[in-house]
Amino acid sequence: MAPGASAVRVVTGPPAGCEKRGEVVVSVKDSIAFYERNHLKVREELETLARNEAPGLNADTVQPLGPPTNGEQRYAAWRCGR
């Protein structure tokens, strides 16, 4: 995890009283040849990557904007001041 990323929260819906700082798209390999990777592990890695990107947007909270698709996921980045 990148510096500052451990303090980034992950929420399931838009947080109240926060300023939207942008969106990030992160991706990992979800399959290797004919082998499908564990979906929970893929989600965990995508969340970690999104948390790593948040400090660069001056954000302290990320929210997934949908489920992962083909190893890619979009997140909204928020500044909540926590």
Side-chain angles (χ1 to χ4, degrees):
M1 199 167 286
S6 61
V8 175
R9 294 181 318 135
V10 179
V11 296
T12 57
C18 300
E19 172 191 2
K20 189 168 183 182
R21 301 294 298 163
E23 294 183 4
V24 295
V25 178
V26 292
S27 63
V28 297
K29 293 270 188 203
D30 67 336
S31 63
I32 301 169
F34 299 106
Y35 172 73
E36 292 289 322
R37 294 187 60 218
N38 180 295
H39 295 291
L40 293 176
K41 184 69 173 163
V42 169
R43 281 182 185 264
E44 180 181 292
E45 290 175 7
L46 290 167
E47 183 178 292
T48 298
L49 290 172
R51 291 174 71 192
N52 285 344
E53 293 293 325
L57 294 172
N58 198 24
D60 57 15
T61 305
V62 293
Q63 168 210 352
L65 296 176
T69 305
N70 298 322
E72 183 175 286
Q73 192 169 16
R74 180 176 298 279
Y75 285 80
W78 301 88
R79 177 78 183 158
C80 298
R82 296 187 168 116

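Reckoned from all heavy atoms, side chains included, excluding hydrogens, waters and symmetry mates.
The side-chain contact (heavy atoms from CB on, under 4.5 Å) check on Glu44 picks up Lys41, with sequence neighbours excluded. Taking Glu45 as the reference, Arg37 meet the salt bridge (charged side-chain N to carboxylate O under 4.0 Å, His left out) condition, with sequence neighbours excluded. Applying the salt bridge (charged side-chain N to carboxylate O under 4.0 Å, His left out) test to Arg43 and every residue at least two apart in sequence or in another chain returns nothing.
Of all heavy-atom pairs between Ser27 and Leu46, the closest is CA-CD2, 3.7 Å. Considering every non-hydrogen atom in both Cys80 and Asp60, the closest pair reads N-OD1, 2.8 Å. When all heavy atoms are compared, the tightest approach of Asn52 to Ala2 is OD1-N, 2.8 Å. Gln73 approaches Gly66 most closely through the heavy-atom pair NE2-O, 2.7 Å. Of all heavy-atom pairs spanning Val62 and Arg51, the tightest one is CG2-CG, 4.3 Å. Scanning all heavy atoms of the two residues, the minimum distance from Ala50 to Val26 falls at N-CG1, 3.8 Å.
At least one side-chain heavy atom of Val25 sits under 4.5 Å from a side-chain heavy atom of Glu72. Residues Val8 and Pro55 form a side-chain contact, since some pair of their non-hydrogen atoms from C-beta on lies under 4.5 Å apart.
Hydrophobic clustering, defined by side-chain heavy atoms of Ile, Leu, Val, Met, Phe, Trp and Tyr closer than 4.5 Å, leaves Trp78 isolated from every other such residue.
A single hydrophobic cluster is seen to contain both Val10 and Val28, as judged by linkage of ILVMFWY side chains at heavy-atom distances under 4.5 Å, directly or through other members.
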Could you pull out all donor-acceptor pairs under 3.5 Å where a side-chain atom in residues 15-22 meets a protein atom, sequence neighbours excluded?
| from | atom 1 | to | atom 2 | distance (Å) |
| --- | --- | --- | --- | --- |
| Glu19 | OE2 | Arg21 | NH1 | 3.2 |
| Lys20 | NZ | Glu23 | OE2 | 3.3 |
| Arg21 | NE | Leu57 | O | 2.9 |
| Arg21 | NH2 | Leu57 | O | 3.4 |

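Among pairs with a residue in residues 24-33, none fulfils salt bridge (charged side-chain N to carboxylate O under 4.0 Å, His left out), at least two apart in sequence or across chains.
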